Protein chains: 2
Amino acid sequence: MIQPRPRTIPEATVARLAVYLRALTTLAEGGRSSVSSGELAEAAGVNPAGLRKDLSHLGPCGVRGVGYDVQTLRDRIARVLGVEHARACVLVGIGNLGSALADYAGFGTRGFEFVGLFDAAPARIGQPIGGQTVRPLDELADVVASTGASIGVITTPAEVAQSVCDRLAVAGVRSILNFAPVPLVAPDGVDVRKVDLSVELQVLAFLGQQRLVSA
Amino acid sequence: MIQPRPRTIPEATVARLAVYLRALTTLAEGGRSSVSSGELAEAAGVNPAGLRKDLSHLGPCGVRGVGYDVQTLRDRIARVLGVEHARACVLVGIGNLGSALADYAGFGTRGFEFVGLFDAAPARIGQPIGGQTVRPLDELADVVASTGASIGVITTPAEVAQSVCDRLAVAGVRSILNFAPVPLVAPDGVDVRKVDLSVELQVLAFLGQQRLVSA
DNA sequence: GCGACTTTGTTCCTGCGTTCACAAGCGGTT
DNA sequence: AACCGCTTGTGAACGCAGGAACAAAGTCGC
């Protein structure tokens, strides 16, 4: 028995699938029922050939000569990404960035629901944000256990990010999104992704400076 | 006359240089004057050999058998990245995320200063945030011209992101950081980088689901 | 019913990024 | 002054992502 489809999808492809998913949702809301790779690629800002290659990881899901069915493809990508039903998330560190994320509507509409907001500062505890109330860190384990939250988001200062990461892992969170500017180490079986906002600005600064030099 | 050092530094390397820069700043504040590639690599969360290769793009900047001088290396990276002196930025879209970024101390300490906050909603204009006052979009061109801002940050809804991008380009902004979930097209000579927060969460969801399947 | 056109799925290839491994160079020691 | 250990810098190989071109397949028109 052969294994016609490798179980591993490249991470770069996964990231683009999320973009396609959003574009498809927009198309569906606009009433479109079918779309070609060229159109979808333009909406997602990628190369049409690359898009088809990405989709080929899901198995044949288009009709030659016609294109892709918007609804079918949308459901298929959502299932592969694991976002067909809502996922519970917890957020630790309710500063400016944490508050913005807790309030950010873009997460809720894509199937991510914050079921717990946590902070260490007594002044912030009890504060209402985005339909939730900020809780003390002591309640983290209980909330994760009772809600089954599998994703944790860290928006704390860098100094405490590692200890928060440890507590999330112990509580049972399996995936962590880290906004603190430090590399985190987590036990096996726990995935960590890092988003570094100031790095993006610094890359931009470099590109801008380079253009001046080469001009 | 040969050109011993190629002028182009890979973008992946540039992003890591920004991480090294932060780690070096932390080390300098801790009083360290010298550091080896192994130590710095651990602080940055990368492979030591890769770190040395990254630094080799700057030319020889370490001493064999000893390591790197923290202060010298820090200055050199800052100069290459173009962040040796502060850079003026403008921010358009003062919602939750925009407010958080305007208030985020991490930018200021890394040489990025917001010199203008803009929004289209009359209700937000005049509102004070992070030492600045929110202005109407009409003043964008004037502020960019008078301050020489070279970097623009877009945190608007997706629907208006492209028009804001166009206005920034016309006003003279050369580098744009886009948080809106749409691909932007900009004229030649204007760099655009995209940060998509919900994509990061969806990649995490995929990794988490994949672990369940393979287990 | 048949042909031509459209669009997908795949294959090949080129280039880049990453990693390993080794040679070169410097400081400290005897 | 010569040796030894340590660390940097670089060369080579590997794997991966991206792009272009081609074959397969389905639909529309006649």
Side-chain angles (χ1 to χ4, degrees), chain A residues 2-20 24 27 32-70 72-74 76-77 80 183 199 203 206, chain B residues 2-20 24 27 32-70 72-74 76-77 80 183 194 199 203:
Chain A
I2 61 171
Q3 192 84 8
R5 194 145 314 287
R7 299 207 93 78
T8 62
I9 300 181
E11 194 167 305
T13 293
V14 173
R16 283 189 297 267
L17 285 177
V19 177
Y20 306 155
L24 286 167
L27 286 170
R32 291 289 301 273
S33 64
S34 176
V35 68
S36 72
S37 64
E39 278 178 292
L40 188 54
E42 187 178 349
V46 302
N47 185 295
L51 181 139
R52 290 199 298 273
K53 179 175 288 196
D54 286 339
L55 294 184
S56 74
H57 287 103
L58 317 180
C61 44
V63 180
R64 297 176 190 230
V66 177
Y68 301 92
D69 181 77
V70 170
T72 305
L73 186 56
R74 203 182 86 84
R76 192 154 192 173
I77 294 179
V80 169
V199 163
V203 172
F206 170 78
Chain B
I2 62 170
Q3 192 85 3
R5 197 144 313 285
R7 298 207 90 81
T8 63
I9 299 180
E11 194 168 305
T13 293
V14 173
R16 283 190 297 267
L17 285 176
V19 177
Y20 307 155
L24 287 167
L27 286 170
R32 290 290 301 273
S33 64
S34 177
V35 68
S36 73
S37 66
E39 278 179 293
L40 188 53
E42 188 179 346
V46 301
N47 185 296
L51 181 139
R52 291 199 297 273
K53 179 160 286 225
D54 286 338
L55 294 184
S56 74
H57 287 103
L58 316 180
C61 44
V63 180
R64 298 177 191 230
V66 177
Y68 300 92
D69 182 77
V70 171
T72 305
L73 185 57
R74 203 181 86 85
R76 193 156 191 171
I77 293 178
V80 169
K194 183 179 171 186
V199 164
V203 172

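Note that these values count all heavy atoms, side chains included, but never hydrogens, waters or copies made by symmetry. Proteins get letters first, then strands, A, B, ... in listed order; numbering begins at 1 in each. Source: prediction; values computed, not measured.
Every side-chain contact (heavy atoms from CB on, under 4.5 Å) that A:Ala43 has, sequence neighbours left out, goes to A:Ala23. Listed by chain and residue number, B:Arg32 satisfy the side chain to side chain donor-acceptor pair (under 3.5 Å) test with B:Glu39 (two or more places apart in sequence, or in another chain). Here B:Arg52 pairs with B:Ser37 under the side chain to side chain donor-acceptor pair (under 3.5 Å) rule; sequence neighbours left out. Shown here are the side chain to side chain donor-acceptor pair (under 3.5 Å) partners of A:Glu42, two or more places apart in sequence or in another chain: there are none.
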Quick test: give all pairs of protein nitrogen or oxygen and nucleotides 26-30 of chain D nitrogen or oxygen below 3.5 Å, distance rounded to 0.1 Å.
none

Listed pairs under 3.5 Å, donor-acceptor, residues 12-19 of chain B side chains, sequence neighbours left out:
unit_1, atom_1, unit_2, atom_2, d
B:Thr13, OG1, B:Asp54, OD1, 2.9
B:Arg16, NE, B:Asp54, OD2, 2.7
B:Arg16, NH2, B:Asp54, OD1, 3.1

Pairs under 3.5 angstrom only: tabulate donor-acceptor contacts from the side chains of residues 61-70 of chain B to other protein residues two or more places apart or in another chain.
unit_1, atom_1, unit_2, atom_2, d
B:Asp69, OD2, B:Gln71, N, 3.4
B:Asp69, OD2, B:Thr72, N, 2.9
B:Asp69, OD2, B:Thr72, OG1, 2.7

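Rounded to a whole Å, the CD1 atom of A:Ile9 is 18 Å from the C1' atom of D:dG18. Following rounding to the nearest Å, B:Leu73 (CG) and D:dT7 (P) show an atom-to-atom distance of 16 Å. Atom-to-atom, CG of B:Asp69 to P of D:dT8 comes out at 13 Å; the value is rounded to the nearest Å. Look at NE2 on A:His57: it is 13 Å from P on C:dG9, rounded to the nearest Å.
Between A:Ala44 and B:Pro183, the closest heavy-atom pair is C-CG, 3.8 Å. Taking all atoms of both residues into account, the shortest heavy-atom contact from B:Tyr20 to B:Leu55 is CD1-CD2, 4.3 Å. A:His57 and A:Lys53 make their closest contact through ND1-O, 3.3 Å (heavy atoms, listed as atom of the first residue, atom of the second, distance).
In this structure, of C:dG17, D:dT7, D:dA17, it is D:dT7 that holds the atom nearest to the side chain of B:Ser36. For B:Tyr68, taking side-chain heavy atoms from C-beta onward, the closest of the listed nucleotides D:dG9, C:dT8, C:dG17 is D:dG9.
Taking 4.0 angstrom as the limit, A:Ser37 places none of its side-chain polar atoms (N or O) nearer than this to OP1 or OP2 of C:dT7.
Listed in residue order, the members of residues 42-55 of chain A having a heavy atom less than 4.0 Å from DNA chain C are A:Arg52, A:Lys53.
Mapping A:Glu11 and B:Gly38 onto DNA chain D by nearest heavy atom places B:Gly38 closer to the 5' end of the strand.
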